[in-house]
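To find a chain, count down the sequence lines: A is the first, B the second, and so on, and within it residues start at 1. Only this structure's heavy atoms are used, side chains among them; waters, hydrogens and symmetry mates stay out.
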Amino acid sequence: MTSISKHYSSLLKLYSETRYLVEVKKLHGLILKTLHYSNTLLFNNLITSYSKSNLPSYAYRVFLQIPCRNLFSWNAVLSSSAKSGHLSEMYNIFNSMPERDCISWNSVISGYASHGFPEKAVDTYKLMLRDGCSMQNRITFSTMLIISSAIVSFTLGIQVHCQGIKHGLGSHVFVGSPLVGMYSKAGLAYEAWLAFQEVKEKNLVLHNTMVMSFLRCGMIEESKRLFAGMRERDSISWTTMITGLTRNGCELEAIGLFNKMRYAGMNMDQYTFGSVLTACGALAVLDQGKQIHAFIIRTLFDDNVFVGSALVDMYSKCKSIRLAESIFKRMKVKNLVTWTAMLVGYGQNECYEEAIRSFLQMQRHGIEPDDFTIGSAISSCANIASLEEGAQLHCRTIVLGLNSFITVSNALVTLYGYAQIGKAKETIELFESMMANSVKPDGVTFIGVLSACSRAAMVEEGYYYFNSMINDHQIVPVADHYTCMIDLLSRAGRLKEAEDFIKKMPCRLDAIGWATLLSSCRVHGNIEMAKWAAESLIELDPQNPASYLLLLNMHATNKNWEEVAQIRKAMRDKGVRKEPGCSWIKYNNKVHIFAADDQSHPDSEKIYAELEMLGLKMEKEGYRPNTSSVLHDVSESEKRFMLGHHSEKLAIAFGLIFLPNKFPIRVFKNLRVCIDCHIATKYISKITGREILVRDAVRFHKFNDGLCSCGDFW
DNA sequence: GTAGGGTTAG
């Protein structure tokens, strides 16, 4: 009899470890038949087996079948409910126990802690101190120290450490390791080091903890030295180095270590792969990433949700959004991070509609967003000026209680700042309500606020917020803020002030800033300053055709054909080529691309007919072609003909024909929209009553009822 | 036999 039960015990252990569920159940049946309810040990083993196999209800049923329960039986079923997160069941079992030992208490504490109730874990610990102080052991201390660092409570951490010292376990590794971790998570590298040295019998785990702690605190050299001097290293030691180096911006070294591991044939897991893929993404090294991906497929780890998410992220950052998408679609298990990686990836690759769509899909799959995810989704709305969808997400953030996170606030300020000229007031209100709710603004917040001021020509307010950012919030302005200020001043026609501002700036104005100034020089007809801006722009970025074209455009407007010819020559000499202009529109999951005068589209005839008809209606409304943006010295009628078939007009006409009435028409263009197309689109939006959005290389224009959100400035 | 220390992603 004893030998049979020993045999059964070891079989149970084996089956549950190899997740051989069917066999566990068969044994269960056999035990019930043959052993006549007499062997408590075997029943206890069964509980553990079911618990390990993630079947807490089976474990509980076995517990009920035991005629003669002992403390082990209770502890086994208690731990089963604690591990599986059935916390009220756990609580009931714990309360019904005839006696409790240290293991019982520890189970409940870790049950609460690992299922999102650290406060309850702490309460239980306090009860444990009162009811059975002598019971605490090294596992209690280690669990409690981990909780202390998770809820960032030093008071608790130190109390627990003192208790550990009282029990003669103050310098035990089980206490020392989490203590080191706790200090380093709080950024206290020296205290972590002291706790490390305090431990007499140091082991591998403690060393790994210390290496990680150095890396967490940015002490790269120290971590390398400790790692190099370690007597033994396991795959966690190596992975720790890879993770930490990547976090500290030493991605190349991290990839180097990974390759060493690989050639040494070491064990690797999801942590290793996840970290090294992050490194590849940060460096945008697609080839390296693909090689590692191929290797991961051979290890069968590509099924893992962590690794899959890291792959999606890596491919997105390498600008291979379709590869990222195919990984994402094939993943069987997706969590919040997976979805977010995909959503952010779409945004990084300028697929804003897809980003928004995947956000909605994610919610339909029952996954609740956090501040990071919903912030990214709102940014995507901002990027295509989709104010309505953005505003709906704004409501969601309020319902979910996420609206006070800085990620969300910034996205909202951007949304209302960029979306529409009339929304400046809302942006400022939003900003002020952030202040009232003591949400701390950062540099990004002010970019949104300053853009809003600039769009609404609120120059004084812009000055006020710029100064307040520096003086009240101690934020050092960067190039983007200066660009906003230049935008603000030059839009309002205060070119002299803009010039003074540029001369007083501590850093150089960036290319976007110069381009902004150049644009407003064009609008306000200040050719002298335009030259200054254009020359600075060309100096900054001699190969960018945009700078030449802006100046060329201006001279063409003033009919300085000689200057135009000179600029063209300069471009030829320097090998700068104008990127051919094209516009595209998405319809039925397909992208329809148009070039100027393009007749290659299958529906070309319909499109040209539509334009013809629109042209007649527009002229009736008062539209006259603005030929100033034709940069060639040709006859007026030729100019008119060239203008009429610009790529954005073709794309808009396509949208008018094919997109359902209630949908806004979203057109994208690789270059800037020309003046004539801008005027024409305003008329089209008025005649057709459609909302038309044109996202050009620099900003977007939202046309509605004859007006454009850019306020005719771009 | 039951609780159990170290490394992950957006």
Side-chain angles (χ1 to χ4, degrees), chain A residues 5-6 9-10 12-13 40-49 51-52 59 70-80 82-83 100-111 114 135 137-146 172-182 184 199 203-213 215-216 234-244 246-247 269-278 281 304-314 316-317 335-345 347-348 369-373 375-376 407:
Chain A
S5 68
K6 267 189 188 165
S9 282
S10 52
L12 270 176
K13 197 163 177 263
T40 305
L41 174 80
L42 266 181
F43 280 106
N44 293 346
N45 283 341
L46 257 176
I47 296 177
T48 315
S49 298
S51 164
K52 272 189 192 159
N70 58 18
L71 180 57
F72 290 111
S73 328
W74 284 94
N75 275 342
V77 76
L78 181 72
S79 116
S80 161
K83 268 192 206 154
R100 296 167 192 144
D101 65 359
C102 185
I103 292 172
S104 331
W105 286 96
N106 288 345
S107 294
V108 175
I109 292 174
S110 79
S114 56
M135 280 181 184
N137 65 6
R138 59 195 192 191
I139 289 161
T140 323
F141 302 129
S142 109
T143 313
M144 286 312 298
L145 282 169
I146 293 164
H172 189 278
V173 251
F174 271 50
V175 181
S177 285
L179 203 60
V180 170
M182 182 182 83
S184 72
V199 179
N203 64 3
L204 178 60
V205 171
L206 180 68
H207 276 91
N208 285 345
T209 313
M210 195 61 232
V211 169
M212 189 61 220
S213 300
L215 287 163
R216 235 183 234 137
D234 62 2
S235 84
I236 294 183
S237 328
W238 285 79
T239 304
T240 301
M241 283 304 289
I242 294 175
T243 314
T246 305
R247 264 196 219 161
D269 58 10
Q270 51 174 11
Y271 295 91
T272 326
F273 295 133
S275 302
V276 76
L277 287 172
T278 306
N304 179 285
V305 65
F306 281 86
V307 177
S309 309
L311 280 169
V312 169
D313 179 54
M314 184 273 289
S316 311
K317 293 217 167 82
N335 61 18
L336 177 61
V337 177
T338 322
W339 281 94
T340 313
M342 193 66 247
L343 194 158
V344 171
Q348 284 166 346
D370 64 4
D371 58 308
F372 191 87
T373 316
S376 310
T407 39

If only side-chain N and O atoms count, and only distance matters, is there a donor-acceptor pair under 3.5 Å linking A/Asp101 with A/Ser104?
yes
What is the distance, to the nearest angstrom, from the CG atom on A/Asn335 to the C1' atom on B/dA9?
8 Å
A/Ser316 side chain to A/Val312 main-chain N or O, any donor-acceptor pair under 3.5 Å?
yes
Which nucleotide, B/dG10, B/dT7, B/dG5, lies nearest any side-chain atom of A/Val337?
B/dG10
For a quick check of understanding: with a heavy-atom distance under 4.0 Å over all strands, which category does A/Asp234 fall into, base, sugar-phosphate or nothing?
base
May I have the distance from A/Met210 (atom CE) to B/dT7 (atom C1'), rounded to whole angstrom?
15 Å
Give A/Arg216 one of three labels, base, sugar-phosphate or nothing, depending on what nucleic acid heavy atoms sit under 4.0 Å from its own.
sugar-phosphate
Distance-only donor-acceptor test (3.5 Å): side chain A/Thr143, base B/dG4
no
Would you say the side chain of A/Thr340 and the base of B/dG10 hold a donor-acceptor pair, judged only by whether the two atoms sit under 3.5 Å apart?
yes
With side chains defined as the heavy atoms from C-beta onward, is the minimum distance between A/Asp269 and A/Asn304 less than 4.5 Å?
no
Expressed as a whole number of angstroms, how long is the span from A/Ile109:CD1 to B/dT2:P?
19 Å
A/Ile146 has its side chain closest, among B/dA3, B/dG5, B/dT7, to B/dG5
Can you identify which nucleotide, out of B/dT7, B/dG4, B/dG10, has its nearest atom closest to the A/Ile236 side chain?
B/dT7
With sequence neighbours left out, what residues match A/Thr373 under side-chain contact (heavy atoms from CB on, under 4.5 Å)?
A/Leu336, A/Thr340, A/Leu343, A/Phe359, A/Met362, A/Pro369, A/Asp370
By the 4.0 Å heavy-atom rule, please label A/Ser309 as base, sugar-phosphate, or nothing.
base
Would you call A/Ser309 and A/Asn335 a side-chain contact if the rule is heavy atoms closer than 4.5 Å?
yes
Let's see if you can work this out: which of B/dG5, B/dT7, B/dG10 has an atom nearest to the side-chain heavy atoms of A/Val344?
B/dG10
Contact class for A/Leu277 vs. all strands (heavy atom < 4.0 Å): base, sugar-phosphate, or nothing?
nothing
Rounded to whole Å, the CG-P distance (A/Leu343 to B/dA9) equals 19 Å
Which is true for A/Ser104 with a 4.0 Å heavy-atom rule: it touches a base, it touches only sugar-phosphate, or it touches nothing?
nothing
Nearest to the side chain of A/Ile103, which nucleotide is it out of B/dG5, B/dT7, B/dA3?
B/dA3
Do the side chain of A/Asp101 and the base of B/dA3 come within less than 3.5 angstrom through a donor-acceptor pair of N or O atoms?
no
Starting at CG of A/Leu179 and ending at P of B/dG4, how long is that distance when rounded to a whole Å?
20 Å
Within less than 4.0 Å of OP1 or OP2 of B/dA3, is there a side-chain N or O belonging to A/Arg138?
no
Atom pair distance, as rounded to whole Å: NZ in A/Lys52 and P in B/dG4
11 Å
Among B/dG4, B/dA9, B/dG10, which nucleotide has an atom closest to any side-chain atom of A/Thr373?
B/dG10
Any donor and acceptor pair, going by atom type alone, linking the side chain of A/Ser184 with main-chain N or O of A/Gly181 inside 3.5 Å?
yes
Sequence-distant partners of A/Thr407, side chain to side chain donor-acceptor pair (under 3.5 Å), two or more places apart:
A/Asp371
A/Met144 CE to B/dG5 P, straight-line distance once rounded to whole Å
14 Å
Check whether the side chain of A/Asn203 and the base of B/dG5 form a donor-acceptor pair under 3.5 Å.
yes
Of the listed B/dA9, B/dA3, B/dG10, the closest approach to the A/Lys83 side chain comes from B/dA3
Starting at CZ of A/Phe273 and ending at C1' of B/dT7, how long is that distance when rounded to a whole Å?
14 Å
Which listed nucleotide (B/dA3, B/dT7, B/dG10) is nearest to the side chain of A/Ile139?
B/dA3
Check: A/Val180 and A/Leu206 side chains under 4.5 Å, non-hydrogen atoms
yes
Closest to side chain of A/Leu336, choosing from B/dA3, B/dT7, B/dG10:
B/dG10
Residues touching DNA chain B, which here means a heavy atom under 4.0 Å, drawn from residues 72-79 of chain A:
A/Phe72, A/Asn75, A/Ser79
Any chance you could measure A/Trp238, atom CH2, to A/Ile236, atom CD1, to the nearest 0.5 Å?
14.5 Å
Check whether any side-chain nitrogen or oxygen of A/Ser80 sits under 4.0 Å from OP1 or OP2 of B/dT2, and answer yes or no.
no
Regarding A/Asn70, tell me which of base, sugar-phosphate or nothing describes its non-hydrogen contacts under 4.0 Å with the strands shown.
base
